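Okay, handing you the structure first.
Here, residue 1 is the first one in the sequence, and each next residue gets the next number. Keep in mind that this is a model prediction, so the values were computed, not measured. Heavy-atom basis, side chains included; hydrogens, waters and symmetry copies ignored. In listed order, ligands and their atoms are each counted from 1.
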Amino acid sequence: MALKGISINVLFAFFDWLLSVRKDRLGAASTLQTYQNVFCLVRKKETGCLEIDPLIKSQMNGHGLRMEKKKKPIMRAEDEFELLKTLILSVEIAFDHERHRIQLGLIMQLAGITGNRPALLGVCYKDIKITLLPDPKGGELPRRLVQEYQGLTRRERDAFAAPELTSPKQLFRFRIPSGQKQLPVPLKEAIQHVPLFRRSKPTVNGVRTSDDEALSDSTLRSRMVTLGSVTGMELPTGPYTFRRGSGEALDNSSFISESQRNLILQHHNSTVFLKSNLSRYITGDTGAAYRGLEPQTALMRLASGMSRTIDRRRPRKLDAAQRAEVDRHPEVRLLRRRQKTLCKLIREKHGSIASMKGTPVYDQYQKAYHAHRNMKRRQEEALLQEVKARYKREQLVIDIQRQLKGLPSTELEMAKAEDYVFVERVRVIDALFTFATPSPEEECRRRVEAINALTALCRLQEGKRPRCLKPSALDSKLERDLTRPSVLHLPSLSDSIPIKCEATQCIFRLGCEALPTETRLKSFHSRGDLKKHLHRKHLHHHPDGQPIACPHPRCHVDLGSTMHLQNHVELVHKTPT
Ligand SMILES: [Zn+2]
Ligand SMILES: [Zn+2]
């Protein structure tokens with residue numbers, strides 16, 4: 001009943017309250033419109049009333065919300081290439097495990113090709129079909145279908161149902177049996193329901209890829225945003241930018257019908273595409289169309305793509321001085337003081353904050369802690385937006401002024417000495433950034449090397465490795481097509497590690513081939529430090545009472561539990577646990 005005869009006062013009070021509560025997160029008028037629509041739907045269902053009086057609706061506007069439509073950037077193949085380049089080359093893009101680098105690259109490629117929503121993260125091995133088909137042009141070598149999946153499937157050494165199929169080289173040697181028109185290459189039954197894109201997981205032996213947990217949507221989104229911003233694009237990159245890019249390509253293609261496009265994008269009619277996917281920016285050459293001229297397609301594509309906005313100088317984070325400015329903000333200071341006072345009080349009275357878990361005092365402290373942190377984040381975000389806006393206003397003028405004065409443009413600082421990428425990444429760069437060759441044999445070799453390079457990279461955990469190439473070397477490489485001798489192979493470290501370790505070395509690291517040499521051999525400051533590290537980073541992640549193998553690379557004794565392992569390690573390898 002209350003919903004039926006709702007008055008402007010009540011409604012106004014409600015939305016006014018909503019606006020004040022959600023002030024920091026509600027930016028666009030369209031978001032408020034969504035709230036209104038939901039409200040109207042509920043009201044209609046409950047009371048049968050159709051619409052809210054339009055007068056009431058119009059009075060609800062004007063709250064200082066953003067009225068213009070959100071920009072809808074489109075990620076085209078050439079923009080995606082820029083992202084992939086950054087992903088492979090940039091030292092700023094770091095992961096706890098290198099598999100994530102390759103995984104992200106593959107996700108982006110699939111997102112572009114299939115136009116799929118983030119549902120891509122639900123893809124399992126059962127969704128992948130690898131089939132060799134005869135070359136329609138009559139060539140001797142079979143063509144592979146679903147090639148885009150190759151990088152990952154072959155990485156998993158034992159992914160194939162045929163037990164002796166273990167290397168990419170073999171796959172490229174297959175021929176279609178005579179009398180047949182195809183050769184499907186099935187994957188193992190056991191991995192059918194394993195998600196293709198998985199998250200990483202801390203284990204007793206270091207960071208591993210989880211066996212069954214898919215990568216989360218939020219992780220994917222934040223990685224894409226970071227990648228886009230490091231690449232220097234102005235608008236944020238996300239799964240939907242790819243979907244729009246794919247949608248546009250399908251829409252413009254004369255080989256794909258409208259109904260096929262809707263089917264691929266899972267739209268039940270074309271209105272959905274028009275409303276949600278089509279970029280607001282008109283990408284066709286309207287001028288040429290009006291004058292009856294040939295469209296300047298390449299120029300229009302350049303003008304409307306995301307790559308156009310690339311500027312690596314654009315500020316991405318606050319510098320030390322700007323962060324200090326946030327710290328001096330009155331509201332941040334007030335909340336910090338409140339948190340600190342509470343912290344001191346609890347420590348004096350009860351010893352430590354952690355010991356008060358479950359009591360009202362603890363909850364009170366948590367509240368104060370979060371209030372400070374959230375306020376700080378909000379202020380940081382606001383300042384960053386301001387810094388970016390200032391950059392946009394001022395840098396263009398600076399650039400033009402410099403040109404007028406005949407000065408060179410301000411370039412990004414050259415990469416520092418430590419900004420070099422390591423051997424395994426150089427190998428990937430060398431393998432991926434090459435041109436396709438007309439010779440089928442050469443092409444097979446090129447692909448096999450690319451897969452092997454990716455496989456080698458995928459085994460590595462994060463860590464400091466000796467660097468050997470400036471990331472900027474790519475551009476010159478593409479120009480000159482270096483045929484640099486392949487990466488040097490070092491003798492295995494594992495074979496040379498003595499049975500008796502140093503008393504401050506972590507035995508798990510010593511045994512972990514995915515880590516760089518420097519990290520493996522690293523010594524801790526004291527035995528106490530090492531013990532803390534062992535418990536927190538390793539033993540803590542192993543289930544109680546479960547058998548465990550000694551991680552020493554030349555030992556491999558199976559032990560009953562972590563307790564047995566601790567005794568063994570102390571006795572045989574002379575490191576404390
Ligand atoms: Zn360790
Ligand atoms: Zn051992």
State the CD1-CG distance between I107 and L120, to the nearest 0.5 angstrom.
->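 Those atoms lie 6.5 Å apart.
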The NE2(H568)-the Zn ion (ligand 2)-NE2(H573) angle, to 10°, is 110°
- prompt: Can you check whether K85 reaches F433 side chain to side chain, under 4.5 Å on heavy atoms?
  reply: yes
Vertex the Zn ion (ligand 1), ends H538/NE2 and H533/NE2: angle to nearest 10° comes to 110°
Examine C512 and say whether one of its N/O/S atoms is closer to the Zn ion (ligand 1) than 2.8 Å. no
request  = May I ask you to check if any N/O/S atom from H552 comes under 2.8 Å of the Zn ion (ligand 2)?
outcome  = no
Does the Lys NZ or Arg CZ of K367 fall within the cation-pi geometry relative to Y365 - under 6.0 Å from the ring centre and within 45° of the axis? no
| query | Which residue, Q385, Q379, R378, forms the side chain to side chain donor-acceptor pair (under 3.5 Å) with E381? | reply |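 Running side chain to side chain donor-acceptor pair (under 3.5 Å) over Q385, Q379, R378 with E381 returns exactly one hit, Q385.
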